[in-house]
Asker: 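Before I ask anything, let me first share the structure, which is written out below as C-alpha cells.
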Amino acid sequence: MSIDIAVVPVAGLGTRLLPATKSQPKEMLPVGRKPVAQHVVDELALSGIRRLLFITGKGKNSIENHFDIDGELITYLRQTGREQELAELDFERQEMEYFYTRQRRQLGLGHAVLCARPLVGNQPFVVALGDSVIGLNAESDIVARMVEQFERADADVVVAFEEVPWDDVNRYGIAQPRGPVDDVFELERLVEKPGPTEAPSNLAVAARYVLSPAIFEKLAETAPGKGDEIQLTDAIQLILENGGKGYGLRLRPNERRFDIGNFGSYFRAFTEFALADPKYGPGLREFIRSLVKEG
Ligand code: UTP
C-alpha cells in the first residue's frame, strides 16, 4: 500500500507571532477563509493521505476541536436553513482519520517528529509542517509526487525545495544537489543556513518531507543543535552521510510556500488568499488600490 500517513507537527510556541499567538496556536490563524491547519489537511487529503497524526502541545486544543464533527452546530445550521454555512463544514467529513499526541517539552522540530515513533512504527511517512501552506488555496499535489518518487527510487528521504532569492539563503536549510537540477534531483547534502557565497544552491527546504522510519534512529542519536533543539535537518543529514538515498523535488511556480511563521510572510499570505476569494477578492483589490493611491 502506498504511503498514506502524515505527521503534522504543530507544537511550536510561535513566539515570532506574539501577541497573536499568546493563547491561540499560530496554526489556527486564518489565511483567507480557513485556518492554516485546515489548508494543510486539505492539501494532504488531495495527495492521498488518509491518516494524520498531529504533534500538539500546550494551548493547541483548538486544533483538535476544529477537526471534530460538531453535531450540535450541524443541527443548528440545518434547522435554521443555513445551507451555505453547512457546506463550509464539509471538511469535517473528509476521508481522514485523526490522531493526536503531545510533545511534552519544546525540544525542536526533530524531537516533535520523534514523538510520532510509537504510532508510526516501522513504515515510511510524510512530515508536513503545520505552519506552511503550499500553493494558493493549498491546491498542490507535491506530497503525492514526493511519495511517488520515494517509492519509485526506493529512497530513504525525499524533501520539497523552493527556490529563494540568493540574499535569503542564510535563513533556510539549503540543498546541495548531486548532478543536474531538474524538477527531481539527487540530494547529496543539506547545508543549514549558509551565507550566499558558500551556499551550494538557492533551493530551500520547503516544509514537506517523505522519510523512511530509519529517521527515528537518527533523531534519537542527534544531539541538540542550534537553540538547544533537536533539528530534523541534522538527522536527515546523518542519513545522507551514511549512504542513504535522498532526492529533492522542486515546487512548481504555482505552488509557492506560504510560511505563516512571521508577520511579514503571514500578512502577505493572508492578503494573497483574500484577493483570490471569489466573493470578496475583487472588492478588496479596489480597496487596496485606493489605499495605496492615498498613501
Ligand atoms: P518554528 O521553527 O517556526 O518554531 O517551527 P516555532 O516554535 O513554531 O515558532 P517561533 O520560532 O517560536 O516563532 C516549525 C514547525 O515545527 C513545529 C512548529 O509547530 C511548526 O509547525 N515545532 C517546532 C514543533 O512541533 N515542536 C517544536 O519544539 C518546535
Side-chain angles (χ1 to χ4, degrees), residues 8 10 14 17 19-21 23-49 52 54 60-96 98 128-144 162 206-208 251-295:
V8 181
V10 292
L17 291 171
T21 50
S23 64
Q24 67 174 337
K26 67 174 162 181
E27 295 81 7
M28 288 305 289
L29 292 174
V31 176
R33 293 184 181 221
K34 299 178 192 174
V36 178
Q38 192 186 331
H39 284 298
V40 173
V41 171
D42 286 353
E43 176 210 320
L44 293 173
L46 201 70
S47 273
I49 296 298
L52 202 141
F54 279 108
K60 304 278 180 169
N61 299 1
S62 56
I63 299 175
E64 299 173 37
N65 296 341
H66 188 75
F67 292 100
D68 275 352
I69 295 177
D70 189 338
E72 219 174 290
L73 182 58
I74 291 172
T75 307
Y76 169 73
L77 293 174
R78 192 164 288 142
Q79 282 172 350
T80 50
R82 312 267 288 277
E83 292 305 320
Q84 208 177 332
E85 286 86 351
L86 202 54
E88 294 297 342
L89 297 183
D90 280 352
F91 75 93
E92 287 180 356
R93 288 193 294 277
Q94 70 191 351
E95 204 189 314
M96 186 73 82
Y98 296 93
L129 301 196
D131 66 351
S132 287
V133 182
I134 307 289
L136 192 59
N137 293 321
E139 281 162 0
S140 163
D141 66 351
I142 181 69
V143 166
E162 178 183 49
R208 300 292 182 266
L251 293 179
R252 294 179 174 148
N254 66 338
E255 23 179 47
R256 268 173 307 134
R257 170 195 185 183
F258 295 95
D259 169 15
I260 315 302
N262 64 73
F263 281 116
S265 54
Y266 172 57
F267 289 165
R268 281 196 294 275
F270 189 96
T271 308
E272 203 164 332
F273 278 55
L275 284 171
D277 189 277
K279 183 167 175 190
Y280 296 106
L284 180 65
R285 191 171 300 274
E286 285 313 308
F287 176 65
I288 291 177
R289 252 195 213 121
S290 71
L291 280 184
V292 172
K293 248 188 235 150
E294 280 165 23

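Computed from a predicted model, the values in this text were never measured in an experiment. Along the sequence shown, the residues carry numbers beginning at 1.
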Asker: Could you tell me which non-hydrogen atom of Ala276 sits nearest to which non-hydrogen atom of Leu136, and how far apart they are?
Answerer: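 So the minimum-distance heavy-atom pair works out to CB-CD2, 3.9 Å.
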Asker: Listed by chain and number, what are the side chain to side chain contact (heavy atoms under 4.5 Å, CB included) partners of Pro282, not counting sequence neighbours?
Answerer: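 For Pro282, no residue satisfies side chain to side chain contact (heavy atoms under 4.5 Å, CB included) once neighbours in sequence are set aside.
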Asker: With sequence neighbours excluded, what pairs up with Glu85 under the salt bridge (charged side-chain N to carboxylate O under 4.0 Å, His left out) test?
Answerer: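 Glu85: salt bridge (charged side-chain N to carboxylate O under 4.0 Å, His left out) contacts with Arg82.
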Asker: Between Gln24 (side chain only) and Ala20 (backbone N and O only), is there a donor and an acceptor less than 3.5 Å apart?
Answerer: yes
Asker: What do you reckon, is CZ of Phe287 surrounded by more than 12 foreign heavy atoms closer than 6.0 Å?
Answerer: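 Open.
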Asker: I need the minimum non-hydrogen distance between Arg208 and Ala128, along with the two atoms involved.
Answerer: CD-CB, 3.6 Å
Asker: Counting only N and O atoms by type, is there a donor-acceptor contact under 3.5 Å from the side chain of Asp68 to the main-chain atoms of Asp70?
Answerer: no
Asker: Does a side chain donor of either Asn262 or Ser265 reach within less than 3.5 Å of an acceptor in the other side chain?
Answerer: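 Asn262 vs Ser265: donor-acceptor pair found between side chains.
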Asker: Out of curiosity, Leu129 CG to Ile134 CD1, how far, rounded to the nearest 0.5 Å?
Answerer: 8.5 Å
Asker: A side-chain contact here means heavy atoms from C-beta on lying under 4.5 Å apart; do Glu43 and Ile142 qualify?
Answerer: yes
Asker: In Å and rounded to the nearest 0.5 Å, what is the CG to OH distance from Asp277 to Tyr280?
Answerer: 7.5 Å
Asker: Should Thr75 and Arg78 be marked as a side-chain contact (heavy atoms from CB on, under 4.5 Å) after you check the CA-CA gap, both sets of side-chain angles, and the distance that decides it?
Answerer: CA-CA 5 Å; Thr75 307; Arg78 192 164 288 142; 5.7 Å; no
Asker: Side chains of Asp42 and Asn137: closer than 4.5 Å at any heavy-atom pair?
Answerer: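 Answer no - side chains too far apart.
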Asker: So, using salt bridge (charged side-chain N to carboxylate O under 4.0 Å, His left out) as the criterion, who are the partners of Arg257 when residues are at least two apart?
Answerer: none
Asker: Does a side-chain heavy-atom distance below 4.5 Å link Glu92 with Leu89?
Answerer: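 Yes. Closest side-chain heavy atoms under 4.5 Å.
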Asker: Taking the six-membered ring for Trp, are Phe273 and Phe258 parallel (under 30°), tilted (30 to 60°) or perpendicular (over 60°)?
Answerer: perpendicular
Asker: Take Arg285 and Ile288, measure what side-chain contact (heavy atoms from CB on, under 4.5 Å) needs, and give me the verdict at the end.
Answerer: CA-CA 5 Å; Arg285 191 171 300 274; Ile288 291 177; over 6 Å; no
Asker: Please step through side-chain contact (heavy atoms from CB on, under 4.5 Å) for the pair Gln94 and Val41, ending with a clear verdict.
Answerer: CA-CA 10 Å; Gln94 70 191 351; Val41 171; 3.4 Å; yes
Asker: Tell me every residue that passes salt bridge (charged side-chain N to carboxylate O under 4.0 Å, His left out) with Glu286, counting only those two or more places apart in sequence or in another chain.
Answerer: Arg289
Asker: Applying side chain to side chain contact (heavy atoms under 4.5 Å, CB included), can you list everything that pairs with Leu17, at least two apart in sequence or on another chain?
Answerer: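 Testing Leu17 for side chain to side chain contact (heavy atoms under 4.5 Å, CB included), a comparison that skips the adjacent residues, returns Thr21, Lys26, Leu29, Phe263.
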Asker: Quick one: CD on Gln38 to CD on Glu27, what's the gap to the nearest 0.5 Å?
Answerer: 14.0 Å
Asker: Identify the heavy atoms of Val40 and Ser132 that sit nearest to each other, and give their distance.
Answerer: CG2-O, 3.5 Å
Asker: Could you give all pairs that pass the salt bridge (Lys or Arg N to Asp or Glu O under 4.0 Å) test and reach residues 258-272, with sequence neighbours left out?
Answerer: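 As it turns out, the salt bridge (Lys or Arg N to Asp or Glu O under 4.0 Å) pairs with a partner in residues 258-272, which skip direct neighbours, are Arg256-Glu272.
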Asker: Decide side-chain contact (heavy atoms from CB on, under 4.5 Å) for Glu255 and Glu139; before the verdict, give the C-alpha distance in whole Å, the side-chain angles of both, and the deciding distance to 0.1 Å.
Answerer: CA-CA 8 Å; Glu255 23 179 47; Glu139 281 162 0; over 6 Å; no
Asker: Hey, what do you get for NE2 (His39) to OG (Ser140), rounding to the nearest 0.5 Å?
Answerer: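 Rounded to the nearest 0.5 Å, the NE2-OG separation comes out at 13.5 Å.
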Asker: Is the His66-Phe54 ring centre distance short of 6.0 angstrom?
Answerer: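 So the answer is no for these two rings.
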